[in-house]
2 protein chains.
Amino acid sequence: MSAPAEPTPARLRAIPSRLIAGVAVVADRLVGERLAAEGARKWHFAVLAVLAESGPASQAELSRRTGIYRSDMVAVLNELADAGCVRREADTADRRRNVVTLTAAGRRRLERLDTLVADAQREILAPLTPAEQHELTRLLTLLTDHHRPPHPHPRDAG
Amino acid sequence: MSAPAEPTPARLRAIPSRLIAGVAVVADRLVGERLAAEGARKWHFAVLAVLAESGPASQAELSRRTGIYRSDMVAVLNELADAGCVRREADTADRRRNVVTLTAAGRRRLERLDTLVADAQREILAPLTPAEQHELTRLLTLLTDHHRPPHPHPRDAG
DNA sequence: GCCCAAACATTTGTGTCACTAACGAAGGTA
DNA sequence: TACCTTCGTTAGTGACACAAATGTTTGGGC
């Protein structure tokens with residue numbers, strides 16, 4: 001009974017969902033480690049990126065666009081606000097809402113985090129040629145577009 | 001400020017690690033839902049598959065081959081043993097170890113779960129042509145092979 | 001033979017993440 | 001008015017990855 005050289009049997013390795021999950025773990029770790037070095041998590045980056053691209057938004061809107069649950073958004077915004085990256089003010093037009101606004105400090109922070117995330121992407125995709133990287137992105141986009149809403153509230157879509 | 005039709009900004013969508021994570025969530029959900037309908041989780045399937053392919057093994061070996069932590073393996077094997085899918089006996093040759101063996105019931109269960117997992121794979125990859133499915137698998141395999149060991153014990157490989 | 005380092009199975013605990021349930025406050029509509 | 005929904009918030013659940021510590025057992029060096 002000599003120890004086999006291959007740790008994971010071929011049968012399991014060939015299962016796409018396991019393959020994808022494995023790559024996702026690696027990718028998340030690489031991104032997470034870099035962001036953690038700056039005291040950030042991926043959600044901070046996602047929120048800042050959405051604010052920079054689409055302008056001020058309510059928390060519910062940020063939830064939909066980033067994929068973070070409204071419940072979890074609270075803590076993320078608390079942290080971003082504590083760091084001075086965003087302002088959270090009551091919406092005068094609709095007092096149920098908070099208007100979340102990117103600050104100058106937030107914009108600078110996004111710039112920094114953006115670099116880190118981009119570095120991580122490069123490391124993740126390093127073993128692929130540029131053409132392969134593009135193809136992978138294309139295929140993954142096809143999958144996400146097809147499997148759009150897992151089961152979100154149907155009344156959200158316009 | 002009309003509500004934009006696109007929930008997620010293009011900038012975030014284009015990030016490979018986010019793309020991968022999104023697909024992984026969808027894939028995990030599709031697999032998980034099917035397995036849950038039979039009261040199983042993916043780890044049950046993984047352990048059964050390894051046992052079927054490589055024969056009886058110690059818990060530590062199963063840990064290495066499935067990727068489950070030794071700590072978590074205990075509960076998984078408890079559940080599989082309670083369901084009569086595996087036998088867990090002390091190894092007479094090395095009494096530190098348990099020998100985990102697939103039972104006839106376990107083999108039948110694996111057959112069933114295998115079908116469910118295969119169905120899920122088909123649904124996940126549905127939007128891709130067979131050639132694209134193959135290419136995606138190839139690219140993901142390249143990535144996993146390159147990013148091999150996060151930090152496993154170096155003395156395992158023989 | 002004895003001693004020590006390692007492997008093993010196990011328990012317990014931690015942190016992250018996706019997600020649900022429930023609440024009060026506010027708005028829209030009939 | 002009453003009703004239903006959205007919003008922000010708190011609290012809690014369950015799966016998962018992982019660390020730390022414990023007790024048992026094994027193998028190697030002496």
Side-chain angles (χ1 to χ4, degrees), chain A residues 3 18 21-22 24-29 31-33 35-36 40-44 46-47 57-64 66-79 81 86 88-100 149-158, chain B residues 3 18 21-22 24-33 35-36 39-47 57-64 66-79 81 86 88-100 149-156 158:
Chain A
R18 270 185 71 95
V25 167
V26 171
D28 252 43
R29 184 172 355 239
V31 172
E33 281 171 356
L35 292 180
R41 276 173 303 158
K42 56 177 173 174
W43 297 130
H44 297 123
V47 168
S58 71
Q59 299 186 192
E61 265 180 52
L62 290 177
S63 287
R64 291 182 215 110
T66 57
I68 316 175
Y69 255 65
R70 321 183 264 307
S71 342
D72 305 319
M73 180 62 70
V74 178
V76 172
L77 288 180
N78 283 341
E79 291 158 16
V86 304
R88 178 159 45 171
E89 302 158 304
D91 188 336
T92 55
D94 185 343
R95 302 228 306 278
R96 293 171 301 181
R97 296 183 176 172
N98 289 339
V99 177
V100 180
H151 39 212
H153 300 279
R155 59 189 77 77
D156 278 344
Chain B
R18 269 185 72 94
V25 167
V26 170
D28 253 42
R29 175 156 23 224
L30 288 174
V31 172
E33 281 173 356
L35 292 180
R41 276 172 301 157
K42 56 176 173 174
W43 296 131
H44 298 123
F45 168 74
V47 168
S58 71
Q59 300 186 191
E61 265 180 53
L62 289 176
S63 286
R64 289 183 216 110
T66 58
I68 316 175
Y69 253 63
R70 321 181 265 304
S71 337
D72 305 319
M73 180 61 71
V74 178
V76 172
L77 288 180
N78 284 341
E79 290 157 17
V86 303
R88 178 158 46 172
E89 304 156 305
D91 187 338
T92 56
D94 184 342
R95 300 228 306 277
R96 293 171 300 183
R97 296 182 178 173
N98 288 339
V99 176
V100 181
H151 36 215
H153 298 280
R155 60 187 74 75
D156 279 343

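By convention in this document, chain letters (A, B, ...) are assigned in the order of the sequence lines, proteins followed by strands, and residues within each chain are numbered from 1.
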Under-4.0 Å side-chain N/O to phosphate OP1/OP2 contact, [X] with [N]:
X       : N      : answer
B:Arg70 : D:dA20 : no
B:Arg88 : C:dC8  : no
B:Gln59 : C:dA7  : no
A:Arg97 : C:dG27 : no
A:Asn78 : D:dT9  : no
A:Arg29 : D:dA17 : no
B:Tyr69 : D:dA19 : yes

B:Thr92 or A:Val25: which one's nearest nucleotide on DNA chain D is closer to the 5' end?
-> A:Val25
Check: [X] side chain, [N] base, donor-acceptor under 3.5 Å:
X       : N      : result
A:Asp72 : C:dC19 : yes
A:Arg96 : D:dT6  : yes
A:Asp94 : D:dC7  : no

For B:Leu62, which of B:Ile68, B:Val76, B:Val100, B:Asn98 qualifies under side-chain contact (heavy atoms from CB on, under 4.5 Å)?
-> B:Val100
What is the distance, rounded to the nearest whole Å, between atom [atom1] of [X] and atom [atom2] of [N]?
X       : N      : atom1 : atom2 : answer
A:Met73 : D:dT9  : CE    : P     : 11 Å
B:Glu79 : D:dC16 : CD    : C1'   : 13 Å
A:Arg18 : D:dC16 : CZ    : C1'   : 14 Å
B:Leu77 : C:dT11 : CG    : C1'   : 15 Å
B:Arg41 : D:dC16 : CZ    : C1'   : 9 Å
B:Asp91 : D:dG27 : CG    : P     : 11 Å
A:Glu33 : D:dA17 : CD    : P     : 16 Å

Closest nucleotide of DNA chain C for A:Arg95 versus for A:Ile68: which of these residues is on the 5' side?
-> A:Ile68
Shortest non-hydrogen pair, A:Asp28 vs B:Ala21, comes out as OD1-CB, 4.1 Å
With side chain to side chain contact (heavy atoms under 4.5 Å, CB included) as the test, would you mind laying out the steps for B:Arg18 and A:Lys42 before giving the verdict?
-> CA-CA 9 Å; B:Arg18 269 185 72 94; A:Lys42 56 177 173 174; over 6 Å; no
[atom1]-[atom2] distance between [X] and [Y], expressed to the nearest 0.5 angstrom:
X       : Y       : atom1 : atom2 : value
A:Arg96 : A:Asp91 : CZ    : CG    : 9.5 Å
A:His44 : A:Leu77 : NE2   : CG    : 8.5 Å
B:Leu35 : B:Leu30 : CG    : CG    : 11.0 Å

Among the candidates C:dT10, C:dC17, D:dT9, find the nucleotide nearest to the side-chain atoms of B:Asn98.
-> C:dT10
How would you label the contact of B:Ser71 with the nucleic acid (heavy atoms, under 4.0 Å): base, sugar-phosphate, or nothing?
-> base
